[in-house]
Amino acid sequence: MFTNFNRVVKFAFNDFSRNKGISVAAIFVLAVTIMLVTSLFFFQGIAGYLTSKIQDKIDITAYFKDGTQEQDILNVKAEILKISPNIKSVEYVSKDQALAYFNKVHKDNAVLSQALQEVGDNPFLPSLNITTNGDPSQYAEVATILQTSDFSNLIDSVDFSQKKDIIEKVYSIISNVNTFGLILGIVLIFVAILVVFNTIKLAIENSKEEISTMKIVGASNWFIRGPFVIQGIIYGIIAFLICFLISGISAYFLSPQISPVLPGFDIFSYFLTNWWIFVLIQLGFGAGVGIISSFIVVRKYLEV
Amino acid sequence: MIKFNNVTKIYPRDTVVLQDISFEIKEGEFVSIVGKSGAGKSTLVHLILGLEVPTSGEVYFKDVNLNNANSSQIQEIRRKIGVIHQDYKLLPQKTVYENVAYIMQVEGRENKEIAVEVPKVLEVIGLENKINNFPNQLSGGEQQRLAIARAFVNNPDIIIADEPTGNLDPYNSYEVILLLQKINKAGKTVILATHDREIINKLGKRVVTIENGKILRDEAEGRFII
């Protein structure tokens, strides 16, 4: 058993090195396919980051009437958290905090500072900044809470209604992009698998006669199939190594270019934190497609 | 050892190759199957190897009906038969040494044994200087000798030679036939399919003559008469 396995592995390496042209072609096609899958994964990372950024930005701010007691506002906050526990965050911003924030942001803007001084008093209203998970239904839920009679007399205004259309639009765009990306991804991967399958088929086609001779001299199916399947694994592993290096290096060099466009998103650190997923996807896909293609093609020629 | 029982083989488009053939080959026999090209000699060989299934009738190898044999039984039988094919059927991507070693590896023989046996066999057939060549780097005669080495190396129970002298000069042809006779004397069964009149007439062994898919003659000490 062990001797046979050793022999099969040796045959695989021999065939691999004796058919360099075919091996290089198979590895190249496999590597291109793996890169495609990898870029889909990168794309998914960027899309996920963008989605969460957009969803973070679209929040609801409830402004309370001037003079509302802090305790009353905190009650409203508690009520929101009680009724809608999945809410991301509810942050209380007092009059003074709002003023301080304004001053901090516009400290270099003389016109605004002057305007504020002319008003004299602190014109800001206390507020609750409510961040949902981006699901429009949560907005509706929060809106209902804020509109109940108990609280409505405390509230000056809610900037939800103005944002509602945009929120729903963004949400529908995000879900469309996700669905489209998924369908496109599946189609591309399917096409790529077909291309790899055909390349491996061409590689094995070369050995059609050899396979039938092996059958005639009484070799068992696994003794014949083994070297081809192992060659599929070798193709997969080499293609994986190439792709892993390419993705790491390109993430490293693209990172400074992408960061200004997507502030806060570092594609290289995304690669580093998810490296094992990359290994899993690239190696799994490469070796998987390699093995399955070889297996299916040889099976066809084994019917002697 | 091998028994054909009313075997008929018809290829698509009603091409009848063998028609109601019955004969038996006993252990240790030297049987020549003669006939013109296209008489059905190669089909007969393919039926024994289980490469083809008869349209009707049965082929037995040591009591195993090849029609009903499963794939591992067929593999087992093929390993017991050393075949010299008309078109050699060498493994083009393996060297001379590996071609011969492969047969022993299929049998699951030990590496040590292979390392001793293969050079010996290659020396016998005069290919000891070409062990690292690939089949396409050999002449026709050398390829044929390699096919012969491959058929003998496993010390099979039975040797089937399908036109083994087709590409050889008279001297080498004579050598091959001598080798087959030697193997037969050692107790092995030999089946020789050929249309070489001179060889058959010299042998003085059993001859089965096939014509138009039928057995024309089956004589214990036959001659080539068509």
Side-chain angles (χ1 to χ4, degrees), chain A residues 1-26 200 202-232 234-235 294-295 297-304, chain B residues 42 45-46 48-53 61 69-95 97-114 132 134-136 146-147 150-154 156-157 160 162:
Chain A
M1 182 71 193
F2 187 68
T3 319
N4 272 351
F5 181 73
N6 266 349
R7 281 172 184 165
V8 164
V9 172
K10 206 179 152 210
F11 291 156
F13 276 96
N14 268 348
D15 291 346
F16 178 82
S17 60
R18 282 173 192 170
N19 297 307
K20 284 192 191 74
I22 290 169
S23 303
V24 169
I200 290 182
L202 280 179
I204 296 180
E205 191 110 342
N206 232 11
S207 308
K208 206 166 103 182
E209 290 294 312
E210 192 148 334
I211 293 172
S212 91
T213 301
M214 288 167 174
K215 277 290 279 190
I216 291 172
V217 299
S220 70
N221 284 355
W222 271 109
F223 203 66
I224 299 171
R225 186 186 278 147
F228 292 101
V229 173
I230 290 176
Q231 274 187 84
I234 300 174
Y235 296 155
S294 310
F295 190 88
V297 179
V298 179
R299 195 185 144 105
K300 200 181 122 195
Y301 296 131
L302 275 177
E303 290 159 3
V304 179
Chain B
S42 292
V45 173
H46 288 176
I48 297 171
L49 287 172
L51 293 173
E52 287 179 47
V53 184
F61 184 93
N70 59 33
S71 67
S72 69
Q73 276 176 309
I74 294 270
Q75 283 162 15
E76 202 58 44
I77 288 170
R78 286 175 185 169
R79 286 177 206 161
K80 285 181 187 152
I81 306 176
V83 190
I84 306 159
H85 292 273
Q86 202 171 358
D87 55 355
Y88 319 138
K89 295 213 183 297
L90 300 171
L91 301 168
Q93 302 197 43
K94 297 197 188 294
T95 62
Y97 181 93
E98 289 166 349
N99 259 280
V100 180
Y102 190 80
I103 305 298
M104 297 182 79
Q105 287 163 337
V106 163
E107 270 256 292
R109 309 274 278 272
E110 290 299 321
N111 285 335
K112 271 191 223 156
E113 206 184 340
I114 295 173
N132 291 322
F134 288 92
N136 63 1
L146 178 56
R150 226 180 43 171
F152 293 157
V153 73
N154 249 358
D157 297 347
I160 301 179
D162 190 3

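Throughout, protein chains are lettered first and strands after them, A, B, ... in sequence-line order, and every chain is numbered starting at 1.
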### Query
Is it the backbone or the side chain of A/N19 that comes under 4.5 Å from a heavy atom of chain B, or both, or neither?
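Side chain only.
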#### Entry: salt bridge (Lys or Arg N to Asp or Glu O under 4.0 Å) partners for B/K94, two or more places apart
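So B/K94 forms no salt bridge (Lys or Arg N to Asp or Glu O under 4.0 Å) with any residue.
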### Task
Can you sort out the partners of B/R79 under salt bridge (Lys or Arg N to Asp or Glu O under 4.0 Å), two or more places apart, ordered by chain and number?
B/E76
### Query
Side chains of B/K80 and B/N154: donor-acceptor distance under 3.5 Å anywhere?
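No, no side-chain donor-acceptor pair sits under 3.5 Å.
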### Task
Mind jotting down which residue pairs meet the salt bridge (charged side-chain N to carboxylate O under 4.0 Å, His left out) criterion with at least one end in residues 99-114 of chain B? Sequence neighbours excluded, please.
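Counting only pairs at least two positions apart or across chains, the salt bridge (charged side-chain N to carboxylate O under 4.0 Å, His left out) contacts touching residues 99-114 of chain B are B/E107-B/R109, B/R109-B/E113.
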### Message
Would B/L90 and A/T213 count as a side chain to side chain contact (heavy atoms under 4.5 Å, CB included) here? Give the steps.
### Response
CA-CA 7 Å; B/L90 300 171; A/T213 301; over 6 Å; no
### Query
Tell me, side chain or backbone of B/L91 under 4.5 Å from chain A's heavy atoms, or both, or neither?
both
### Query
With a 4.5 angstrom heavy-atom cut-off, which part of B/H46 approaches chain A: side chain, backbone, both or neither?
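Looking at B/H46, nothing touches chain A.
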#### Entry: B/Q105 (side chain) donor-acceptor with A/R7 (main chain) under 3.5 angstrom
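No, the answer is negative, given that no donor and acceptor are paired below the 3.5 Å cut-off.
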### Task
Would you confirm whether B/T95, through its side chain, and B/E98, through its main-chain N or O, come within 3.5 Å as a donor-acceptor pair?
yes
#### Entry: Part of residues 9-18 of chain A lying next to chain B, heavy-atom separation under 4.5 Å
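Listed by number, the contacting residues are A/F11, A/N14, A/D15, A/R18.
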